[in-house]
Amino acid sequence: MSATIRVFDPALCCSTGVCGPSVDPELARFAADLEWLQKQGVSVERFNLSQQPAAFAETAVVKEALGRGMDVLPLVLVNDRIAVEGAYPSRETLAALAGVVVKKLGI
C-alpha cells in the first residue's frame with residue numbers, strides 16, 4: 001500500500017513561497033520537494049488554512065492538534081497520522097516517510 005502525504009499549512013498567501021514582496025526559501029524548497037515526491041508516484045495533498053479551512057475542521061487529528069495551538073502548523077500526515085509538526089521536513093525525511101528509496105550518486 002502506497003503512502004499518502006497530506007500537508008496542512010498555516011495561513012499563507014500561497015504554498016510555494018514565491019508570492020508577495022519576499023520569497024520564503026523554506027517554502028520554495030518544500031514545494032519543490034513535494035513535487036519531486038509526486039514524481040516518485042506518491043499521493044500528495046496540500047491544504048492552506050486561509051484558503052481551505054474546512055479541510056482542517058474535517059480532519060479529526062488536525063483539529064485535535066490545533067487544540068494545542070497554531071504553532072503545530074505545518075502538520076505533515078502520513079496515511080492520516082501525524083508524522084511531523086511545526087516544521088517542513090527535508091526531502092530525505094519526506095522520502096523516508098513515504099517509503100521512497102533515495103539513491104545517492106557515487107563520486
Side-chain angles (χ1 to χ4, degrees):
M1 182 174 140
S2 167
T4 297
I5 304 289
R6 298 173 74 199
V7 180
F8 291 83
D9 287 304
L12 303 167
C13 59
C14 71
S15 60
T16 63
V18 296
C19 53
S22 62
V23 174
D24 183 340
E26 182 71 359
L27 283 175
R29 179 213 42 96
F30 187 68
D33 291 346
L34 289 179
E35 184 178 334
W36 173 84
L37 203 58
Q38 287 178 307
K39 289 180 180 176
Q40 308 310 306
V42 176
S43 175
V44 175
E45 298 175 349
R46 194 165 185 185
F47 305 96
N48 182 327
L49 182 58
S50 65
Q51 298 170 358
Q52 299 147 308
F56 289 72
E58 295 167 355
T59 307
V61 68
V62 173
K63 188 175 177 180
E64 181 180 324
L66 286 172
R68 298 192 308 271
M70 296 301 284
D71 60 338
V72 299
L73 297 177
L75 283 171
V76 178
L77 277 57
V78 179
N79 298 331
D80 295 320
R81 297 183 76 186
I82 295 174
V84 179
E85 69 177 48
Y88 290 106
S90 67
R91 179 175 293 195
E92 291 78 12
T93 299
L94 285 169
L97 292 171
V100 173
V101 175
V102 178
K103 296 180 182 174
K104 301 256 183 191
L105 297 176
I107 296 176

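Bear in mind the structure is a predicted one, so any value in this text is a computation, not a measurement.
- Taking CZ from R46 and CG from D9, the interatomic distance works out to 4.0 Å, rounded to the nearest 0.5 Å.
- Here the rule is side-chain contact (heavy atoms from CB on, under 4.5 Å) with V84, and of L94, V78, V76 only V76 fits it.
- Pairs of residues two or more places apart, or lying in two chains, that qualify as ring-ring contact (aromatic ring centres under 6.0 Å, His included) and include a residue from residues 51-90 are F8-F56, F30-Y88.
- L77 and L97 are not part of a single hydrophobic cluster, where members link through side-chain heavy atoms under 4.5 Å apart.
- Here V101 is tied to no hydrophobic group at all, with no ILVMFWY side chain closer than 4.5 Å.
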| request: Starting from the C-alpha separation in whole Å, work towards a yes-or-no answer on side-chain contact (heavy atoms from CB on, under 4.5 Å) for V61 and R81. | output: CA-CA 7 Å; V61 68; R81 297 183 76 186; over 6 Å; no

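- Summarising the geometry, atom CD belonging to Q38 is positioned 11.5 Å from atom CG belonging to D33; distances are rounded to the nearest 0.5 Å.
- When the side-chain hydrogen bond (donor to acceptor under 3.5 Å, both in side chains) test is applied to E26, the partners found at least two apart in sequence or on another chain are R29.
- The hydrophobic cluster containing V42 does not contain I82, counting ILVMFWY residues as joined when their side-chain heavy atoms lie under 4.5 angstrom apart, directly or transitively.
- Between P10 and N48, the closest heavy-atom pair is O-OD1, 3.4 Å.
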Please tabulate, for the side chains in residues 62-75, all donor-acceptor contacts under 3.5 angstrom to protein atoms that are two or more places apart in sequence or on a different chain.
residue: R68; atom: NH2; partner: E85; partner atom: OE1; Å: 2.6
residue: R68; atom: NH2; partner: E85; partner atom: OE2; Å: 3.0

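- Heavy-atom minimum distance, A11 versus L49: N-CB, 3.7 Å.
- Under the side-chain hydrogen bond (donor to acceptor under 3.5 Å, both in side chains) criterion, S43 pairs with no residue at all, not counting sequence neighbours.
- By the salt bridge (charged side-chain N to carboxylate O under 4.0 Å, His left out) test, E35 pairs with K39, sequence neighbours left out.
- Scanning all heavy atoms of the two residues, the minimum distance from F47 to Q52 falls at CA-OE1, 3.2 Å.
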